Amino acid sequence: MDYKSAIAKAVAQAAGIDAQEAVQLVEIPADASMGDYAFPCFRLAKTLHKAPHAIAQELAAQIETPPFAAMVKTVGAYINFYLDKKQFAEDVLRDIGVQGEKYGGSEIGAGRVVCIDYSSINIAKPFHIGHLSTTVIGSALYRIYGFLGYVPVGINHLGDWGTQFGKLITAYKKWGSRENIEKNAISAMLELYVRFHDEAKINESLNEEGRAWFKKIEDGDAEALEIFNWFKELTLKEVSVIYDMLGVRFDSYAGESFYNDKMQPIIDELNEKNLLEFSDGAYIVRLGDELPPCIVLKSDGATLYSTRDLAAAFYRKKTYGFYKCLYVVAYQQNLHFRQWFKIVELMGYDWAKDLEHVAFGMVSLEDGTLSTRRGKVVFLQDVLEKAIEKTRAIIEEKSPGLEDKDTVAKEVGVGAVVFDTLCSARIKDITFSFDRVLNFDGETGPYVQYTHARCASLLRRAELNFAAEDKDYSALDNTEAFAAAKLLFGFPEAVRRACEKNEPYLITRHIIELAKAMNRFYYEHRIIDEDKAKTAARLELAACVKQTIKTGLWLIGVSAPERM
RNA sequence: GUACCCGUAGCUCAGCUGGAUAGAGCGUUGGACUCCGACUCCAAAGGCCGCAGGUUCAAAUCCUGUCGGGUACACCA
């Protein structure tokens with residue numbers, strides 16, 4: 001039911017204005033005591049040449065109370081519409097009952113491919129909290145787009161190219177051992193890499209060796225490639241543990257090395273289109289007055305990040321025929337993306353407008369910026385483990401009889417970390433603190449999961465007794481149930497907005513509000529009592545809240561345990 | 001220097017396609033469990049919405065300027 005349009009239509013008829021225009025003016029009052037929908041009449045004062053409050057009164061007199069509303073009332077220049085709580089709850093719950101786990105989803109994206117570039121880790125480097133945002137935002141968008149019918153393609157654009165791999169091989173050949181690398185993988189590789197840099201400060205020739213090994217990789221030397229691919233494999237294997245914990249997946253791991261042979265055609269095309277310019281030994285593309293020029297070939301003839309991103313974009317367009325291509329990358333790279341998006345535009349491709357940089361803020365520690373080299377890092381693995389450990393302790397204390405404690409501790413602990421990351425707008429910077437992620441009180445993942453588990457518990461208790469009863473919805477004719485019903489009703493729109501703005505936090509916030517509303521309802525009203533018909537109605541509300549929370553949590557990549 | 005982003009309660013943040021007394025969580029203080037899961041609920045205190053102009057019947061929201069913080073700005077990714 002589209003209440004907004006129905007109200008707009010009624011007002012438009014009375015006022016003699018366009019319904020399309022009227023629907024823009026319909027708003028939802030901040031305070032529910034002023035109505036569920038409102039129409040402000042200020043705007044009409046100009047055309048009708050009357051005082052706004054007088055217009056409100058005249059219009060209200062002409063408007064028949066719509067069938068779904070209980071009351072139409074004016075306050076000043078506002079016409080306020082009050083929905084019939086009982087009817088509304090019944091309508092919303094029925095709708096959710098019919099749609100089940102599909103509630104909130106749609107097919108508006110049917111047939112449209114959306115490429116999402118996220119996580120994009122570096123080979124041989126540890127996964128630290130700086131990688132968390134891109135990973136969980138990208139993963140959430142992957143699920144959200146899929147839920148709205150789009151065909152998402154998750155791409156982990158691996159950082160698997162560059163001289164550092166030559167250096168790493170040099171270090172491995174000199175100081176490494178197969179057993180140690182097999183055993184400790186990333187930390188062993190990192191150790192070698194750090195040692196290389198320390199020793200290279202004294203011994204310049206090491207850098208030469210590093211470059212030489214990288215050249216061997218480029219030239220396809222068997223030994224170099226074998227070691228390089230081995231490093232890659234070990235890194236992915238280790239990182240996949242974290243991806244599994246987070247419930248993150250990818251459809252493609254085509255990274256930097258994949259595009260080595262795909263850049264020349266781009267350079268050729270830029271040349272043919274007279275966009276290439278020789279400047280200070282390098283080749284650049286001028287981007288007008290708005291943007292600084294972009295280098296696409298270094299003076300030594302080597303390609304750059306932008307060249308590679310161009311090649312990747314063309315490959316993705318050709319391979320997937322994307323409707324949109326998203327890059328979930330920190331805002332530091334804002335200029336970089338604006339520049340090469342502009343190049344695509346100058347090349348004459350209108351799909352340049354379909355490329356979008358989904359930027360997010362930076363993560364720092366309380367004592368400053370993250371730095372792998374200076375050892376100022378927090379590994380994601382440690383954060384997740386601490387969260388799980390803490391959850392485990394709470395479970396031991398509060399639900400000692402719980403089955404499968406390990407699974408639940410993982411779902412709640414990891415969920416808390418993911419939920420926290422997706423709780424506010426992407427662009428905000430984050431100062432990482434254990435106190436913050438390990439706080440489970442208030443607006444947190446565990447709070448929402450707890451509400452879900454509590455609903456599940458109610459339904460378990462009552463399942464046998466109330467399933468088939470006729471329902472008496474007068475049990476939901478109160479402000480607490482109505483508040484919950486309105487949030488249930490608003491869920492599909494929250495999902496749509498999250499997708500439109502590429503902002504998963506809109507879903508996170510919505511289910512927090514829903515959980516709060518449910519807890520208030522639960523506190524104020526006995527759910528299971530001797531009146532079976534009313535109990536059945538209350539339980540249906542609990543079932544719908546449970547379903548919607550579960551869907552919402554799933555969309556942001558968080559599990560919803562039945563018990564915790 | 002130039003461009004972009006951020007600036008709302010002690011802290012972390014919503015609200016920003018203009019509308020009715022600016023909201024939440026944490027923290028603080030004070031309450032609520034013989035009762036469906038207290039990882040819960042209720043209440044209080046706490047705000048020149050960085051500052052100054054402008055547009056408008058109406059500005060936290062739009063425009064301009066300014067201050068503070070962040071990021072980036074040619075051969076790293």
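Model, not experiment: these values are computed from the prediction. In what follows, every chain begins at residue 1, and chains take the letters A, B, ... in the order their sequences are listed.
Of the candidates B/C5, B/G25, B/C36, B/C36 carries the atom nearest the A/Arg461 side chain, counting heavy atoms from C-beta on. You'll find that the side chain of A/Tyr450 is closest to B/A38, out of B/C42, B/A20, B/A38. The nucleotide whose nearest atom lies closest to any side-chain atom of A/Arg338 is, among B/C5, B/A14, B/A3, B/A3. Here the nucleotide nearest the side chain of A/Arg43, chosen from B/C39, B/C4, B/C57, is B/C57.
Between the CD1 atom of A/Ile512 and the P atom of B/U40 there is a distance of 12 Å, rounded to whole Å. Here B/A14 presents its C1' atom at 16 Å from CG of A/Leu422, a figure rounded to the nearest Å. Protein atom CZ of A/Arg538 is 15 Å distant from nucleotide atom P of B/C36, rounded to whole Å.
Looking only at side-chain heavy atoms (C-beta outward), A/Phe81 and A/Val11 come within less than 4.5 Å of each other. Inter-residue side-chain proximity for A/Leu287 and A/Trp340 is flagged as unmet; no heavy-atom pair is nearer than 4.5 Å. You'll find the side chain of A/Leu168 stays beyond 4.5 Å of the side chain of A/Phe228, heavy atoms only. A/Phe39 has its side chain out of reach of A/Val72: every pair of non-hydrogen atoms, C-beta onward, lies at least 4.5 Å apart. Side-chain atoms of A/Tyr447 and A/Lys516, non-hydrogen and from C-beta on, do get closer than 4.5 Å to each other. In this structure the side chain of A/His452 reaches within 4.5 angstrom of the side chain of A/Glu562, judged on heavy atoms. Looking at heavy atoms from C-beta onward, A/His336 lies in side-chain contact with A/Ser306 at the 4.5 angstrom threshold. Proximity of A/Leu132 to A/Val417: side-chain heavy atoms (C-beta onward) are separated by under 4.5 Å at one or more points.
Using P as the reference atom, B/C16 and B/A60 are 14 Å apart when rounded to the nearest Å. Across the P atoms, B/A22 and B/A59 are found 13 Å apart, a figure rounded to whole Å. Annotation: B/G18 and B/C57 have their P atoms spaced 15 Å apart (nearest Å). For the C1' atoms, the distance from B/G70 to B/C33 is 48 Å, rounded to whole Å. Separating the P atom of B/A43 from that of B/A24 is a span of 9 Å, rounded to the nearest Å. Spacing of P atoms, B/C39 relative to B/C51, comes out at 41 Å, to the nearest Å. Taking atom C1' in both B/C11 and B/U34, one finds a spacing of 40 Å when rounded to whole Å. Look at the P atom in both B/U2 and B/U29: the space between them is 49 Å, to the nearest Å.
Applying the 4.0 Å criterion to OP1 and OP2 of B/G7, one finds that A/Lys428 has a side-chain N or O inside that range. At B/A38, one or more side-chain N or O atoms of A/Arg454 fall inside 4.0 Å of OP1 or OP2 (strictly under the cut-off).
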- Could you spell out the base pairing of RNA chain B in dot-bracket, with Watson-Crick or G-U pairs whose two distances are under 3.5 Å, [ ] crossing and | to another strand? (((((((..((((.....[...)))).(((((.......))))).....(((((..]....))))))))))))....
Could you go over nucleotides 71-77 of chain B and give all protein N or O partners under 3.5 Å, atom names and distances?
| from | atom 1 | to | atom 2 | distance (Å) |
| --- | --- | --- | --- | --- |
| B/A74 | N1 | A/Ser279 | OG | 3.2 |
| B/C75 | O2 | A/Ser299 | N | 2.6 |
| B/C75 | O2 | A/Ser299 | OG | 3.2 |
| B/C75 | N3 | A/Ser299 | OG | 3.3 |
| B/C75 | N4 | A/Asp280 | O | 2.4 |
| B/C76 | OP2 | A/Lys298 | NZ | 2.8 |
| B/A77 | OP2 | A/Tyr305 | N | 3.3 |
| B/A77 | O3' | A/Glu256 | OE1 | 3.2 |
| B/A77 | O3' | A/Glu256 | OE2 | 2.2 |

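Using a 4.0 Å heavy-atom criterion, one finds that A/Pro52 contacts no nucleic acid atom at all. Here A/Arg526 lies in heavy-atom contact (under 4.0 Å) with a base. Contacts of A/Arg436 with the nucleic acid, taken as non-hydrogen atoms under 4.0 Å apart, involve only primed sugar atoms and P, OP1 or OP2. Across all strands shown, A/Tyr522 has heavy atoms under 4.0 Å from base atoms, whether or not it also approaches the sugar-phosphate. Using a 4.0 Å heavy-atom distance criterion, A/Ala38 is classed as a base contact. Counting non-hydrogen atoms under 4.0 angstrom, A/Asp435 reaches nothing in the nucleic acid. Across all strands, A/Tyr447 comes closer than 4.0 Å only to sugar-phosphate atoms, never to a base (heavy-atom distances). No contact: A/Thr444 has no heavy atom under 4.0 Å from any strand. Residue A/His157 is out of contact with every strand shown, counting any heavy-atom pair closer than 4.0 Å.
Between A/Lys534 and A/Asp529 there is no salt bridge, since no side-chain nitrogen of the basic residue lies less than 4.0 Å from a carboxylate oxygen of the acidic one.
In this structure, the side chain of A/Thr134 does not engage the main chain of A/His131 through any donor-acceptor pair within 3.5 Å.
Close placement of the A/Phe258 and A/Tyr315 rings is indicated, their centers lying within 6.0 Å of each other.
Place A/Phe39 and A/Asn519 on RNA chain B by their nearest nucleotides, and A/Phe39 ends up nearer the 5' end.
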